Amino acid sequence: MSSKIARYYPLIPVYAAYLILFLIGRNVTGMWQLMAMLVFYCAIGQAFNIFLGMTGYVDFGYVAFMGIGTYGMALSISHLYQIEGLGMWVILIGAVLAILMSGALSVAVGAVALRLRGAYFAIATIGVNEGFRFLIEGAKIWGGSEGIIFSGQFTHIFGRKTASLISTTWADIFVILVACLGAFVTLRFMLGKIGYALMALREDEDAAKVMGINVTKYKIIAFITSASLVGLVAAFAWGLKLTYLFPDEIFDISYTVECIIIVLLGGAGTLLGPVAGALIYGLSKYWLTIILPGFQLLIFAPIIIVIVVAFPEGVVGVLKRRVRGTVLEKFIV
Amino acid sequence: MAPLLRLENVTKRFGGLVAVDRVSLEIDPGEFIGIVGPNGSGKTTLFNVINGVYFPEEGTIVFDGRDITRLQPYKRAPLGIGRTFQIPRPFASATVRENIAVGAMFGTLSGRVGVDESLEIADQTIERVGLQEHKDKAAGSLTPVEKKLMEIARALAMKPKLLLMDEAMAGMHPNDIDQMVAFIKEIAQEEKIAVVSMVEHIMRAVVGMAERVIVLHQGAKIVDAPTKEALENPKVVEIYLGHPPEGQGC
Ligand SMILES: Nc1ncnc2c1ncn2[C@@H]1O[C@H](COP(=O)(O)OP(=O)(O)O)[C@@H](O)[C@H]1O
Ligand SMILES: [Mg+2]
């Protein structure tokens, strides 16, 4: 029994990090936005890790799931605001819609692209986010290129005060909760049969098949899980927080790149990795923006390449090896 | 007794090259068979066709009464086909124990054992093949011979009915080979596993243990006979001219 609980110890450092970020944000004036950004990076890192980290497949169109998730929240609020007494339910509906829509898109993308191996999959996904944006803009669905501005409807539902509280505080707290959920799902995967299947297919897909693993099935499960989680993150972090969306912003490939950096920096396929990656990336980006505004990417890119090449296992990968055989071993996976 | 595996006129081509040429063979449950053939004679390809890495252009494969000619490879392992690879293919970053647990989890016990039971089976198998001291090492960090041993353990943990070993003893010290073969034979008898061991050279230990020897030459089966008879076959002697069969008079 106690060993069953001990399996969940690795969640402790992850949740502790989230709690510390939350407490700093609440108690140190002016820190909430920075902490919210860090938690956002943790959450998207955690979500992408379930696919990139656990399967070893790179999806360059990943931000499409964030974009579509944002639409889920926007559509819920902008369409349902007139229904009396819906209140908080509109947010829940938006969240469910975000999960379903990003999940559905991942099924569509996965059904085609996941037939391809490794690099071919990566190439096939490159245009997915742009393609989806062109579709929305070209077909003029969901507001086309104008996007959806739903702050008015949002205020209509909740009243000015509550609406502002939700956008400035609760949206970020929801992101923390999704980040918690992401870590929990990751650990459940790691502990279960699916974790072994994903490890095997990441290491050697052909050998995995011969060993009896239905690799397509497990890849698709990881893909859908990852996509719906990141869709949910964006529904809160972008939709609920900003109460507007513009397609050219929410389908921007730079978020995919950030996800990849966070996962690789922290340690692909590890539980604590996305948190470590998010903190290192988020803090250095913030710091570089202050000391060298405009040049952060120029400096950042080579540093990241060097780190990723020097430590292919990521920070947590190295750490894991260091703590092997010590008491910390139970906590860092 | 119905054969466990039956190949009927199986042909596999790579472009113009016929890698496996109209091979027919039967393997009974619990049999210990040696397949010998020089480099390039189609041994590995034959294994790949049996476990579904490639589908043959012609012929049928029946396993345990079921036509598996075009069955996806991942559906064959649960039926009871386990294998090791000529060039070891460990799941490198995972531990030896985890590698072997994968075998238990997705082999014939698939759907019936969870992670915990699979790890228990892995521990038992590790004990059995003597990999205890390596069990928590990353499989990628093992020596080539240890990797081969790990692959045997991983395949045994699948609780297969048929174990295909591709040059499993290559690179091992002759004494270790004797031990290894005796050990595999013992397990195979205990668990009623049919073993097909492929070797390039007629290794005394492997062939000596086999009840029957099949000889492949340029993709075709040229001899299929009880061991002693097969080794005395003039065609075999001819193929191995320059490689006189070990242990025959020397
Ligand atoms: N994937 C492949 N593509 C093309 N030719 C192949 C492939 N695999 C094997 N061959 C060819 O098929 C023949 C048999 O090879 P193989 O089965 O590996 O023989 P063996 O295992 O007996 O050494 C060789 O001529 C080899 O070059
Ligand atoms: Mg071979």
Side-chain angles (χ1 to χ4, degrees), chain A residues 1 3-8 53-56 115 117 187-221 267-270 273 311-314 316-318 320-326 329-330 333, chain B residues 47-48 50-54 71-85 87-95 97-119 122 136-141 151 154-155 157-160 164 166:
Chain A
M1 190 61 218
S3 82
K4 284 238 162 76
I5 294 173
R7 288 173 192 180
Y8 292 92
M54 298 188 94
T55 68
R115 291 166 194 273
R117 278 290 180 86
L187 187 60
R188 283 304 299 236
F189 274 19
M190 288 173 150
L191 294 172
K193 207 172 154 173
I194 182 171
Y196 284 79
L198 294 175
M199 171 278 286
L201 81 88
R202 183 185 63 216
E203 293 290 334
D204 189 332
E205 197 162 332
D206 289 314
K209 276 191 206 162
V210 168
M211 301 301 299
I213 298 171
N214 183 348
V215 292
T216 312
K217 173 177 124 185
Y218 287 108
K219 272 190 278 185
I220 287 188
I221 295 176
T270 64
F311 304 101
E313 311 158 276
V316 173
V318 174
K320 242 169 79 177
R321 261 196 292 122
R322 282 281 170 83
V323 301
R324 198 165 287 163
T326 72
E329 191 179 32
K330 280 201 184 80
V333 302
Chain B
F47 271 10
N48 282 336
I50 294 173
N51 70 194
V53 175
Y54 304 126
L71 194 69
Q72 285 294 320
Y74 74 85
K75 290 184 180 159
R76 299 186 193 207
L79 297 180
I81 303 180
R83 83 172 277 184
T84 69
F85 296 93
I87 297 157
R89 302 179 80 158
F91 304 128
S93 74
T95 65
R97 187 172 182 245
E98 288 162 345
N99 266 267
I100 298 172
V102 168
M105 226 174 284
F106 298 96
T108 56
L109 301 176
S110 178
R112 282 186 285 150
V113 292
V115 171
D116 291 346
E117 292 104 316
S118 300
L119 287 167
D136 293 317
K137 282 189 197 163
S141 70
E151 287 207 339
R154 190 171 63 178
M158 294 167 76
K159 304 290 174 199
L164 307 171
D166 200 350

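This is a predicted model, so every value here is computed, not measured.
Residues forming a ring pair (Phe, Tyr, Trp, His ring centres under 6.0 Å) with A/Phe189 (at least two apart in sequence, or on another chain): none. Partners of A/Arg321 according to the side-chain hydrogen bond (donor to acceptor under 3.5 Å, both in side chains) rule, which considers only residues two or more places apart in sequence or in another chain, are A/Glu313.
Contact annotation: the side chain of A/Asn214 never approaches that of B/Gln72 to less than 4.5 Å [non-hydrogen atoms, C-beta and beyond]. A 4.5 Å side-chain heavy-atom check between A/Lys193 and B/Ser118 finds every atom pair outside the cut-off. Using a 4.5 Å heavy-atom cutoff, the side chains of B/Phe106 and A/Val210 are not in contact.
Atoms CE and OG, on A/Met199 and B/Ser93 in that order, are 7.0 Å from each other to the nearest 0.5 Å. Between the OH atom in A/Tyr196 and the CG atom in B/Asn99 there is a gap of 10.5 Å [rounded to 0.5 Å]. In this structure, A/Lys209 NZ and B/Lys75 NZ are separated by 12.5 Å, a value rounded to the nearest 0.5 Å.
By the neighbour-count criterion of 12 heavy atoms within 6.0 Å, atom CZ of A/Arg117 is densely surrounded, having more than that number from other residues, nucleotides or ligands.
Nearest heavy-atom pair, A/Gly212 versus B/Pro78, reported as atom, atom and distance to 0.1 Å: CA-CD, 4.3 Å. For A/Asp204 against B/Phe91, the heavy-atom pair with the smallest separation is O-CE2, 3.9 Å. Contact record, B/Gly103 with A/Met211: CA-CE, 3.9 Å, taken as the closest heavy-atom pair.
Geometrically, A/Lys217 does not engage B/Tyr74 in a cation-pi contact defined by less than 6.0 Å to the ring centre and at most 45° from the axis.
The part of A/Leu191 that comes within reach of chain B is its backbone (N, CA, C, O), which places non-hydrogen atoms under 4.5 angstrom from that chain. The part of B/Met158 that comes within reach of chain A is its side chain, from C-beta onward, which places non-hydrogen atoms under 4.5 angstrom from that chain. Looking at B/Leu119, only its side chain comes within 4.5 Å of chain A, counting heavy atoms on both sides. For B/Ala101, the part sitting under 4.5 Å from any heavy atom of chain A is the side chain, from C-beta outward, and nothing else. For B/Arg89, the parts lying near chain A are the backbone and the side chain together; criterion is any non-hydrogen pair under 4.5 Å.
Options B/Gly82, B/Ala92, B/Gly140 differ in how many heavy-atom pairs under 4.5 Å they form with chain A, and the most are formed by B/Ala92. Your options are B/Thr108, B/Asp136, B/Asn48, B/Asp116, and the one with the most heavy-atom pairs under 4.5 Å with chain A is B/Asp116.
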